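No experiment lies behind these values; they were computed from the predicted model shown.
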Amino acid sequence: MFSCNTSASGHSTFLLTGFPGLEASHHWVSIPINLICVVSILGNSITLFLISTDPALREPMYSFLSMLAASDLGLCASTFPTMVRLFWLGVRELPFGLCAAQMFFIHAFTYVESGVLLAMAFDRFVAIKDPLHYAYILTHSAMAKVGAAILVRAVLLNLPGPILLRRLLFPQVSVLSHCYCLHCDLVGLACSDTQVNSLVGLVSILLSLGFDSSLIMLSYALILQTVLSIASPGERLKALNTCVSHLCIVLIFYLPKLGLSVLHRVEKHSYPALAVLMANLHFLVPPFMNPIVYCVKSKQICQGLLKRFQQKRVDVS
């Protein structure tokens with residue numbers, strides 16, 4: 001019935017994959033990747049600390065930014081351990097339980113980040129469309145409810161994945177395409193019927209990334225319509241400038257995913273090392289770039305950071 005030597009999912013072992021053809025140089029190749037992870041963790045931790053301790057950063061936009069930083073930290077915590085295991089310790093084996101757990105958290109934090117980006121798009125739309133009622137619409141209570149809804153959606157959409165995987169049969173040893181576990185990768189390795197798993201995965205993506213990206217585009221269409229109705233060119237530019245940071249992180253989040261999808265369908269087998277590099281970067285680049293973009297574009301965050309350094313210098317002196 002099965003074309004491979006199968007075992008129950010709980011007894012299967014999965015082998016992580018680094019950079020094909022560069023196994024002897026994994027330590028050197030992984031240095032920039034590990035540096036990106038460390039900088040991402042530091043940058044997002046500093047962002048969370050500043051927003052939680054600085055009274056000047058109490059606007060709804062910064063509350064959403066703290067949610068984004070928290071999801072980025074979760075994504076780093078989900079992917080970094082297996083990268084260290086593979087690149088520095090040379091340990092490729094991962095049991096099914098750990099693989100399924102990592103898969104759940106990677107996809108859940110990705111969906112949380114997508115939901116937060118949608119909430120930030122709505123925040124920018126309200127700030128430009130109805131600035132007088134901005135504080136009344138986006139209250140702390142409303143933001144807490146939005147954050148809870150984003151988290152619950154991410155959990156509910158990803159919970160069926162690991163549960164349904166347990167009913168599948170896998171080879172006793174399976175080789176993954178990346179240095180972490182993804183749903184599509186695991187489903188592709190199964191030896192039994194995966195139609196239900198594939199359908200659940202597709203529905204999950206459509207209800208998260210697909211739904212969010214569509215509404216983000218709609219939000220920006222409405223923002224552009226509102227901005228064009230402003231008479232003063234200076235006010236138009238000022239309104240658009242408030243969206244630059246968010247637009248940058250939306251592109252940083254979605255473009256690598258689009259590039260990886262195209263690469264998988266066109267040249268994955270011709271350039272396997274490039275496919276693995278893109279797969280790593282599409283999870284590593286957003287947590288790395290988000291704090292940098294907001295630190296560069298937000299005067300309040302820059303001022304808060306400088307204030308902390310000045311306080312440290314005063315305390316030391």
Enquirer: Under 2.5 Å between the SG atoms of Cys181 and Cys99?
Expert: yes

Enquirer: Work out which heavy atom in Ile252 is nearest to a heavy atom in Met289; give both atom names and the distance.
Expert: CD1-CB, 3.6 Å

Enquirer: Using distance alone, with no hydrogens and no angle criterion, decide if Ser78 and Tyr180 have a side-chain donor and acceptor under 3.5 Å apart.
Expert: no

Enquirer: Less than 4.5 Å apart, side chain to side chain, heavy atoms only: is that true for Ile41 and Ser45?
Expert: yes

Enquirer: Treat each ILVMFWY residue as a node, draw an edge where side-chain heavy atoms are under 4.5 Å apart, and state whether Ile46 and Leu75 are in one component.
Expert: yes

Enquirer: List the atom of Cys248, the atom of Val293, and the distance in Å for their closest heavy-atom pair.
Expert: CB-CG1, 4.0 Å

Enquirer: Residues in side chain to side chain contact (heavy atoms under 4.5 Å, CB included) with Met67, at least two apart?
Expert: Phe64, Val116

Enquirer: Check the orientation of Phe14 and Phe96. Use parallel for under 30°, tilted for 30 to 60°, and perpendicular for over 60°.
Expert: tilted

Enquirer: So which atom in Cys37 and which in Met83 form the shortest heavy-atom distance, rounded to 0.1 Å?
Expert: SG-SD, 4.3 Å

Enquirer: Is the backbone N or O of Phe49 less than 3.5 Å from a side-chain atom of Ser52, with the two atoms forming a donor-acceptor pair by type?
Expert: yes

Enquirer: Tell me whether Ser192 contacts the main-chain N or O of Leu169 through its side chain, where contact means a donor paired with an acceptor under 3.5 Å.
Expert: yes

Enquirer: Could you report the tightest heavy-atom contact between Ser198 and Val187, atom names first, then the distance?
Expert: OG-CG1, 3.7 Å

Enquirer: Spell out, yes or no, whether Tyr294 and Val244 are grouped together once hydrophobic residues are joined by side-chain heavy atoms under 4.5 Å, including indirect joins.
Expert: no

Enquirer: State, without any angle test, whether Tyr254 and Ser114 hold a side-chain donor-acceptor pair at a distance under 3.5 Å.
Expert: yes

Enquirer: List the steps and the verdict of side chain to side chain contact (heavy atoms under 4.5 Å, CB included) for Arg92 and Leu86.
Expert: CA-CA 6 Å; Arg92 296 185 64 192; Leu86 176 63; 3.6 Å; yes

Enquirer: Just how far is it from atom OG1 of Thr110 to atom CG of Asn158, taken to the nearest 0.5 Å?
Expert: 8.5 Å

Enquirer: Can you list the steps and then say if Leu48 with Ser66 is a side chain to side chain contact (heavy atoms under 4.5 Å, CB included)?
Expert: CA-CA 5 Å; Leu48 270 177; Ser66 67; 3.7 Å; yes

Enquirer: Is the closest side-chain heavy-atom distance between Asp212 and Arg153 below 4.5 Å?
Expert: yes

Enquirer: So, for Leu157 and Ser208, which heavy atoms are closest and what is the spacing to 0.1 Å?
Expert: CD1-CB, 3.9 Å

Enquirer: Are Leu35 and Val285 connected, step by step, through hydrophobic side chains (Ile, Leu, Val, Met, Phe, Trp, Tyr) whose heavy atoms are closer than 4.5 Å?
Expert: yes

Enquirer: Side-chain contact, heavy-atom cut-off 4.5 Å: Leu68 with Ile249?
Expert: yes

Enquirer: Just so I know, are the side chains of Leu207 and Tyr111 near enough to count as touching, which here means a heavy-atom distance under 4.5 Å?
Expert: no

Enquirer: Do Leu118 and Ile137 share a hydrophobic cluster (ILVMFWY, side-chain heavy atoms under 4.5 Å, transitive)?
Expert: yes

Enquirer: Would you say Ser141 and Lys145 make side-chain contact, with heavy atoms under 4.5 Å?
Expert: yes

Enquirer: State the CZ-CG distance between Arg167 and Asn197, to the nearest 0.5 angstrom.
Expert: 5.0 Å

Enquirer: How long is the straight-line distance from NE2 of His282 back to CG of Leu255, given to the nearest 0.5 Å?
Expert: 12.5 Å

Enquirer: Between the side chain of His107 and the main-chain N/O of His183, is any donor-acceptor distance below 3.5 Å?
Expert: yes

Enquirer: Can you confirm whether Leu138 sits close enough to Phe122 that some side-chain heavy atom of one is under 4.5 Å from a side-chain heavy atom of the other?
Expert: yes

Enquirer: Let me see the working for Thr82 and Val91 under side chain to side chain contact (heavy atoms under 4.5 Å, CB included), right down to the final yes or no.
Expert: CA-CA 9 Å; Thr82 50; Val91 180; over 6 Å; no

Enquirer: May I ask you to test the Tyr220-Ile223 pair for a side-chain heavy-atom distance under 4.5 Å?
Expert: yes

Enquirer: Nearest 0.5 Å, please: how far is CD1 in Ile205 from OG in Ser213?
Expert: 11.0 Å

Enquirer: Is any side-chain heavy atom of Val175 less than 4.5 Å from a side-chain heavy atom of Leu189?
Expert: no

Enquirer: When you measure from the side chain of Asn44 to the backbone of Leu73, do you find a donor-acceptor pair of N or O atoms at a distance under 3.5 Å?
Expert: no

Enquirer: Where do Leu15 and Glu93 come nearest, in terms of heavy atoms and distance?
Expert: CD2-CG, 3.7 Å

Enquirer: State which residues pass side chain to side chain contact (heavy atoms under 4.5 Å, CB included) with Pro162; sequence neighbours excluded, sorted by chain then number.
Expert: Ala100, Met103, Phe104

Enquirer: For Thr79 and Phe109, what are the C-alpha separation, side-chain angles and deciding distance, and is it a side chain to side chain contact (heavy atoms under 4.5 Å, CB included)?
Expert: CA-CA 11 Å; Thr79 55; Phe109 283 118; over 6 Å; no

Enquirer: Does atom CZ of Phe105 have more than 12 heavy-atom neighbours from other groups under 6.0 Å away?
Expert: no

Enquirer: Just how far is it from atom CZ of Phe283 to atom OG of Ser40, taken to the nearest 0.5 Å?
Expert: 13.5 Å

Enquirer: Could you state whether Leu284 and Leu42 fall into the same hydrophobic cluster, counting links through intermediate Ile, Leu, Val, Met, Phe, Trp or Tyr residues with side-chain heavy atoms under 4.5 angstrom apart?
Expert: no

Enquirer: Give, for atom CD1 of Ile36 and atom CZ of Phe288, the distance between the pair rounded to the nearest 0.5 Å.
Expert: 5.5 Å

Enquirer: Keeping the roles fixed (side chain from Arg58, backbone from Ile51), state whether a donor-acceptor pair exists under 3.5 Å.
Expert: yes

Enquirer: Output all residues satisfying side chain to side chain contact (heavy atoms under 4.5 Å, CB included) with Val200, sequence neighbours left out; order by chain, then residue number.
Expert: Pro160, Leu164, Val196

Enquirer: Is it the case that the ring center of His246 lies less than 6.0 angstrom away from the ring center of Phe125?
Expert: no

